[in-house]
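Please read the structure below before turning to the comments.
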Amino acid sequence: MRYLPHTKDDIASMLEIVGADNLDDLFSTIPEDCRRTGRLNLPELLSEWELNGFMGALSDNMAVSPEYKVFMGAGSYEHYIPASVSYLLGRSEFVTSYTPYQPEISQGTLQAIYEYQTLTSRLLGMEVANASIYDGATALAEALLMAIRITGRKKVAISSLIHPFYRRVVQTYFEPASYEIMELPYFDNGRTNISKLEEVDELAAVAVQSPNFFGCIENLKEIGEVTHGRNALFVTSFTEPLAYGFLKNPGSQGADIACGEGQSLGIPRSFGGPVLGMFAGKMKYVRSMPGRLVGKTVDMDGKRGFVLTLATREQHIRREKATSNICTNNSLCALAAAMYMASVGGTGMLELSQLNFDKSEYLKKELEKAGFRISFESPTFNEFVVEFPAGFETTYERLLEKKIVAGLPLAPYYPEFSNHYLLCVTETMDREDMDVLIREVKP
Amino acid sequence: MKESLGTTGLILNEPLLWEKGKKGRRGFSLPRRDVETCYLSEDLAGGCPDFPDLSEVDVVRHYTRLSQWNFGVDTGMYPLGSCTMKYNPKTNERQASLPGLAGAHPLLPASLSQGALKLMFELERFLAEITGMDAVTLQPAAGAHGEFTGMLLIYAYHKSKGSRRSKIIVPDTAHGTNPASATLCGYQPVPVKSNEQGVLSPEAVAEVMDDDTAGIMVTNPNTLGLFEENIKKIAEIVHSKGGLVYCDGANMNAIMGIVHMGEIGIDVLHLNLHKTFSTPHGGGGPGSGPVCVRKHLEPFLPVPRVVEKSGRYFFSENLPESIGKMQAFYGNFGVMIKAYSYILSMGENLKKASQLAVLNANYIKEMLKEVFHLPYDRPCMHECVFSDKFQLAHKVTTLDMVKRLMDYGFHPPTIYFPLVVHGAIMIEPTETESKEDIDLFIEALKTIADEAKNNPELLHEAPGLSRVRRLDETAAARKPCLAG
Amino acid sequence: MKEISELNLPDDVRYAEDHEWARPEGDKVKVGINDYAQDQLGDIVFVELPQVGDTFKKDEEFGTVESVKAVSELYMPVGGEILAVNTVLEESPELVNESPYKDGWMLEVKPNNPDDWDALMTREIYLEMLKGVE
């Protein structure tokens, strides 16, 4: 087997040194009644070439572009990934190295993550960003736990327009603790309704997603002001970071913690994972932050270098009092995001964001022209909700056969919205594709 | 005398991204515009983010140079104990980038995602078979996440029985994520010491196990590289008081096909696909931490579950007692692809891999035990632990010695863990290292032990050949500079 | 790290088992960590201290001290109300290493139980304890 270099001779001479008769002997310290009898019941091994064929067949049994036109977002977005990024990400010194605990021979990863932290904090308008959390949902859960640690309070208010799966993850994380979650309802215009905040005391945090699950852009500034008026921390979430190439960033709107999903930044959708939990906050709270942090320093010759720092927050030192249990994070995904942000550049981000906005506005307007109602009047980015007529399920199925996925039905997540569909358009959709969709759904 | 692996060579310096570039440069091909420009109101529109503008050449050179400052498994031997830095097969990377898998939206209707669903379903079966457990969730993103999931499962189990327990037993050799994960679940960790043989004794566990204790978190093989030989008795003790046994399966690489975890009394365990199952570490992730359970914990697993009916696969949320969701979607699918490909490529060789991993570790232990102090002189599993006791006499520490190892072309082993060994040096070669490379490693360490006697200053200043020398971590912590 | 014989253990303070020191100054007591503690910890990067006005019992945790790779809890050698904390340590935690008994002081306490002081160790008794530990 090509990953097992030992020859029979190697094994024999090593066994001799060790003082064992055979390989089974090496396990003599394992009591008989703990040993497994019988062989592993696994399929017969495949050669590299058989594996290619087998996996190719699995891959063919999936609906992806360009063959399929998938008008879905909802936390996972299709964006073009430059060949240069995929290529650089394949460099084995990045891929096959471990967490940079030995900084002298990990400066590549360390500088790259320092750069990622910097670009992330600039994108979100915050003072400091960590080296990643698992995804947008766990980032939100960690943000709320951080707010609870900082304020000492046990109640959080979260918008019902935060991605439904993110809210479920928060609930899962909160289950064993005695923390309370208050859900904030929404207005007809598709934005969060914060009036309930007036009635509640002792809040640790208020969390809102923008653009929210309906694609609507929230009035973060106002929500931030009310939140601070209640002495709580303002946590903002996002699923589409490209929005911040174009919209006012959370930091400028008063966020204390900005967190969300970074998958749009050069990471393939990959059926939902691995993705990228982005997490940024204020320096005054940095010792409460979860996750790894890379800091700048110098070596003994005065040369600039980078190290993991403030490690006393983390599990390997603080153990049960750590700010989080996170150890392995999503470093290579953070690297992909940094490479992507570096390639697109500041000027490019604005242009790309604008293009995303314009493409989805086009579909929105054309659908309106074709007689469909856009469910929420607030401005949107990339995604919006449209109301299709009753019985649209049949059309939806017909379109699937034509290799068009006409959005995500809202009903499973918001039962009050049957016949409403969440549509997403990014720079990867051509005008032609959108025109085809309109033609197909027109009555 | 063979040439040392570590040598000097021309490596290039490279500035930070924002120290390069020029406004207006572009490293990205902007897609063709086929729609009108639209306007967003002033109060919502912001300016462009403060990123540098770089050309594609700028970006490629930047990251190529940065990568050359890194040492990876592909560069050389990386014997980090408990991390299982085995070779990462390249065919796995190829499979993970297949467009149908890499480009798939997670919310596609089941009829359009049969390939992915089948992969997940089969991977769950494989992992259940390899561990000897009944059901698996692939959702946790990494080992620590799997531990937290396991804690939540235990919590849910006890809640369903109407019992609210507040404590959990954690051995003194446990990885830091263990107590951290327990705390996240509201459990107070109760420490228990390992005995003189380096394993847990049933008496010590019996002393602390009671009706208020949810269970025990063991690591088996443990972080000293030893098999917890009393595990069956310990499991009985914990079970007799209604508790559950959680196993940190980070060291699974020692026992694939050799131990049946269900039979020895484990109720729930997590695996690290980025350790045992050859998926790459990526400089710190992404990993994947599937959790395997016995039948009685299956009802609590996170949703959705992958189910199969008449050869078709789909997701089901029909698990009313589920703990909920650990991530937004289904787990690190891209990592699962690689583990799946690995298992398909290895088949029964997985057992061989474990045997050879254990052989390599024992070989190193025998060859070095006169040179370094071996706190537990007994057969080890896939890793062995030395201490710096002999070298302290020369005022040379574990840190000094492993920093010098870099000059010889090897990545340092794990150091100062587990905490119960002074100046611990934990060496895990894995099965993918050849005898020649291991012999070179042994030679290098022997040379370093000599240098500790005859030239300790050299070690205090090491490494000498890397692009940067020892870094001032104190300054980095006192005055953190975390963004440029 | 220092040998026991190299440690600086002045006479004008008393010592707690966890290596804190306490020095009476009028009717107040100054508190800090001793030379053994700072030497063991290495370069100190951060000190977490309580608020003025907080009250703790003897042996209760009042804060933490961090080096790059370790965190140690700090325990009250005597119980009482916190009258002052050394805020200079926020910017200059290295003072604890450089001058553990003077500039690196941590708390000023109004003691509420005279028995607490009696229970602390003199220099000689503390040295004996240390030798036993090593």
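This one's a predicted model, so the numbers in the text were calculated from it and none came from an experiment. Chain identifiers are assigned alphabetically (A, B, ...) following the order of the sequence lines, protein sequences preceding nucleic acid strands; residue numbering begins at 1 within each chain.
Without hydrogens or angle criteria, A:Glu104 side chain to B:Arg467 main chain gives no donor-acceptor distance under 3.5 Å.
By the 6.0 Å and 45° rule, B:Lys325 stacks over the aromatic ring of A:Phe165.
The parts of A:Asn41 that come within reach of chain B are both its backbone and its side chain, each placing non-hydrogen atoms under 4.5 angstrom from that chain. Contacts of A:Tyr80 with chain B are made by both backbone and side-chain atoms, with heavy-atom separations under 4.5 Å. Contacts between A:Glu115 and chain B at a heavy-atom distance below 4.5 Å involve backbone atoms as well as side-chain atoms. Contacts between A:Val18 and chain B at a heavy-atom distance below 4.5 Å involve backbone atoms as well as side-chain atoms. Only the side chain of A:Thr138 comes within contact range of chain B, with heavy atoms under 4.5 Å apart. Only the side chain of A:Leu400 comes within less than 4.5 Å of a heavy atom of chain B; its backbone N, CA, C and O stay farther away.
Looking only at side-chain heavy atoms (C-beta outward), A:Asp299 and B:Arg470 stay at 4.5 Å or farther from each other.
A donor and an acceptor atom, one from each side chain of A:Thr347 and B:Asp53, are located under 3.5 Å apart. For the residue pair A:Thr109/B:Asn70, the side-chain donor-acceptor check at 3.5 Å is satisfied. Between the side chains of A:Gln102 and B:Lys403, at least one donor N or O lies within less than 3.5 Å of an accepting N or O.
Each of A:Val294, A:Val405, A:Val128, A:Thr428 has some count of heavy-atom pairs under 4.5 Å with chain B, and the biggest count is that of A:Val294.
Atoms CZ and CG, from A:Phe54 and B:Leu344 in turn, are 5.5 Å apart once rounded to the nearest 0.5 Å.
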